[in-house]
Amino acid sequence: VPPPSSVSRASRLSRRSAVAGLAALAATAAATVTGGCTGTSARPVAATSTGARTPGRTTGADASRDVALAATVLRGEQRMLGLVQATARRHPRLRGRLTGTRAAHRAHTALLARAVPRSVRRAAGATPHPRPGTVPDDPAHALAALARAEARLARAGVEHAVQARSGAFARVLGSMTAAAAQQATALAAASASSAGQTSGGTGR
Amino acid sequence: VTPLEALQRALAGEHAAVYVYGVLGGRVSSSGHPDLAGRLTAGYTTHRGRRDQLTAMVREAGGEPVAASVSYQVPTAAVTAGQLEAAARVIEQRCAEVYAQAVGSTSRAARRWALDALTDAAVRQLGLGAGPAAFPGVREL
C-alpha cells in the first residue's frame with residue numbers, strides 16, 4: 001500500500017477554513033465556560049421535518065460539551081501516535097512503513113489541538129505515553145498490535161462522532177474514524193505479508 | 001442541509017455507484033483479473049444494498065426517494081484493469097464525501113449508519129489501489 005500523498009497535499013489555506021469551524025467551537029465554549037458571552041447559548045435547537053435535531057446549530061452548552069469531547073479524542077489520538085512512535089523506535093526497519101500512519105495521526109492531533117483550549121488540555125492531564133515493553137519483539141506482531149489499536153480507535157471514534165453536537169465536528173470525527181479503519185486494514189495486511197517473509201523487506 | 005436532504009444526496013450517490021459498478025463489472029475479465037472482478041462484484045452488491053436501505057430510510061423520514069438517472073458518466077475511460085480499478089476508486093471517494101456530509105447532517109441512528117458507510121467506502125478504496133488518507137471523505141483537509 002503506497003504512503004498517503006493526500007496528507008501532504010492539503011493546502012494551508014483550505015485547511016485554515018476547515019479548522020475555522022472547530023476554532024469557533026472552542027471560542028464559544030471558552031466564552032461559555034468563563035461566562036463572558038451568553039449571546040449564542042440561548043438559541044433554540046432547530047427542529048426538522050423528520051423531527052430530528054439539525055446538527056450544526058450549536059448552543060454554547062453544546063459547544064463546551066464538544067470541546068470536552070475533542071479533548072477526549074485528542075488523548076486517544078496522542079496515545080495512538082505514541083504507540084506508532086514507540087513501534088518505530090523498537091523496530092527501525094518498520095520506520096518507512098509507519099511514516100504514513102504517523103503523518104495521519106499527527107494531522108489529527110494538530111487539528112484537534114486547535115479546537116481544544118490550553119486550559120482544557122491542562123485539566124485533562126499530561127499526554128499519555130505507552131508503557132515500555134508494550135511493543136512486541138516480532139515486527140509482524142508489532143504491526144498486528146498496531147492494527148488492533150487502530151481498530152479500537154475506530155470503534156471508539158464511531159461513538160464519539162455520534163455524541164458530537166456540532167455537525168461540522170461530527171463530520172471531521174467521522175473522517176478520522178474512517179482514517180483509523182483504513183490504517184487498521186493496511187497495518188493488518190502489512191503484518192500478514194511481513195509474517196510471510198523470513199526476514200526484512202518490510203520497508204515502505 | 002436537513003437530515004432528509006442528506007439522505008437524498010446519499011441515495012443519489014448510491015444510484016450513481018450502482019450504475020458505474022454495473023458498467024465496470026461488465027467490462028472486467030473474470031478469468032484475466034479474477035481478483036478485480038471479485039472486488040467489483042462485492043462493490044456492486046454493497047452499493048445496491050445501501051441504495052435499497054437509503055430508499056427505505058428516505059420513505060421513513062417522510063420523503064419521496066430520488067429516482068436514478070437514465071445513465072451516468074463512468075469516471076475514466078475505463079478499459080484496462082488499471083482504469084477499471086481507478087474508476088471504482090473514484091466512485092468510492094465520492095461516496096465517502098457524500099457520507100461524511102451525511103454524518104454531519106444527521107444524528108443518532110442515521111448518523112451511525114452514515115459513519116459505517118463512510119468507513120466502508122474509505123476501507124474499500126484500499127482494495128482499489130488507494131493509500132490510507134488522514135481525512136477520508138473530507139476534501140478540504
Side-chain angles (χ1 to χ4, degrees), chain A residues 1-11 13-19 46 48-56 100-101 103-108 110-111 150 154 157-159 161-162 164-187 189, chain B residues 1-10 39 57-64 85 89 92-93 95-141:
Chain A
V1 182
S5 53
S6 56
V7 172
S8 52
R9 222 190 296 130
S11 85
L13 199 68
S14 57
R15 179 184 289 272
R16 207 175 296 149
S17 70
V19 166
T48 69
S49 56
T50 58
R53 280 155 34 93
T54 298
T101 308
H105 292 294
R106 278 216 178 114
H108 294 174
L111 189 69
E150 292 280 9
V158 170
E159 302 310 318
V162 169
R165 303 301 177 100
S166 147
F169 186 40
R171 176 170 171 250
V172 171
L173 289 183
S175 176
M176 289 182 185
T177 297
Q182 280 187 333
Q183 291 296 339
T185 302
L187 288 164
Chain B
V1 180
T2 66
L4 179 57
E5 282 165 359
L7 294 179
Q8 292 278 35
R9 283 184 198 181
R39 273 173 283 150
M57 286 162 81
V58 166
R59 286 223 172 86
E60 217 166 285
E64 180 60 32
E85 191 178 58
R89 203 160 59 226
E92 295 299 344
Q93 281 161 358
C95 283
E97 285 170 24
V98 167
Y99 281 121
Q101 292 277 0
V103 165
S105 304
T106 56
S107 58
R108 290 186 278 257
R111 180 183 285 179
R112 197 176 280 279
W113 192 85
L115 282 161
D116 187 50
L118 165 60
T119 298
D120 179 81
V123 171
R124 206 171 284 277
Q125 284 173 44
L126 301 182
L128 296 165
F135 294 98
V138 179
R139 201 183 282 194
E140 73 268 24
L141 287 176

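Lettering of chains follows the sequences in order, A, B, ..., and the numbering in each one begins at 1.
Nearest heavy atoms, Gly174(A) versus Leu115(B): CA-CD2, 3.5 Å. A pairwise comparison of heavy atoms in Arg111(B) and Ala161(A) identifies NH1-O, 2.7 Å as the closest pair.
Screening residues 171-181 of chain A for side chain to side chain donor-acceptor pair (under 3.5 Å) gives Arg171(A)-Glu140(B) as the qualifying pairs, with residues at least two apart or on separate chains. Applying the ring pair (Phe, Tyr, Trp, His ring centres under 6.0 Å) rule to pairs touching residues 98-120 of chain B yields Tyr99(B)-Trp113(B), sequence neighbours excluded.
The residue among Ala170(A), Ala184(A), Ala180(A) with the most heavy atom pairs within less than 4.5 Å of chain B is Ala170(A). Counting heavy-atom pairs closer than 4.5 Å to chain B, the top-ranked of the candidates Arg106(A), Gln182(A), His108(A) is Gln182(A).
In this structure, the portions of Gln101(B) lying under 4.5 Å from any heavy atom of chain A include both its backbone and its side chain.
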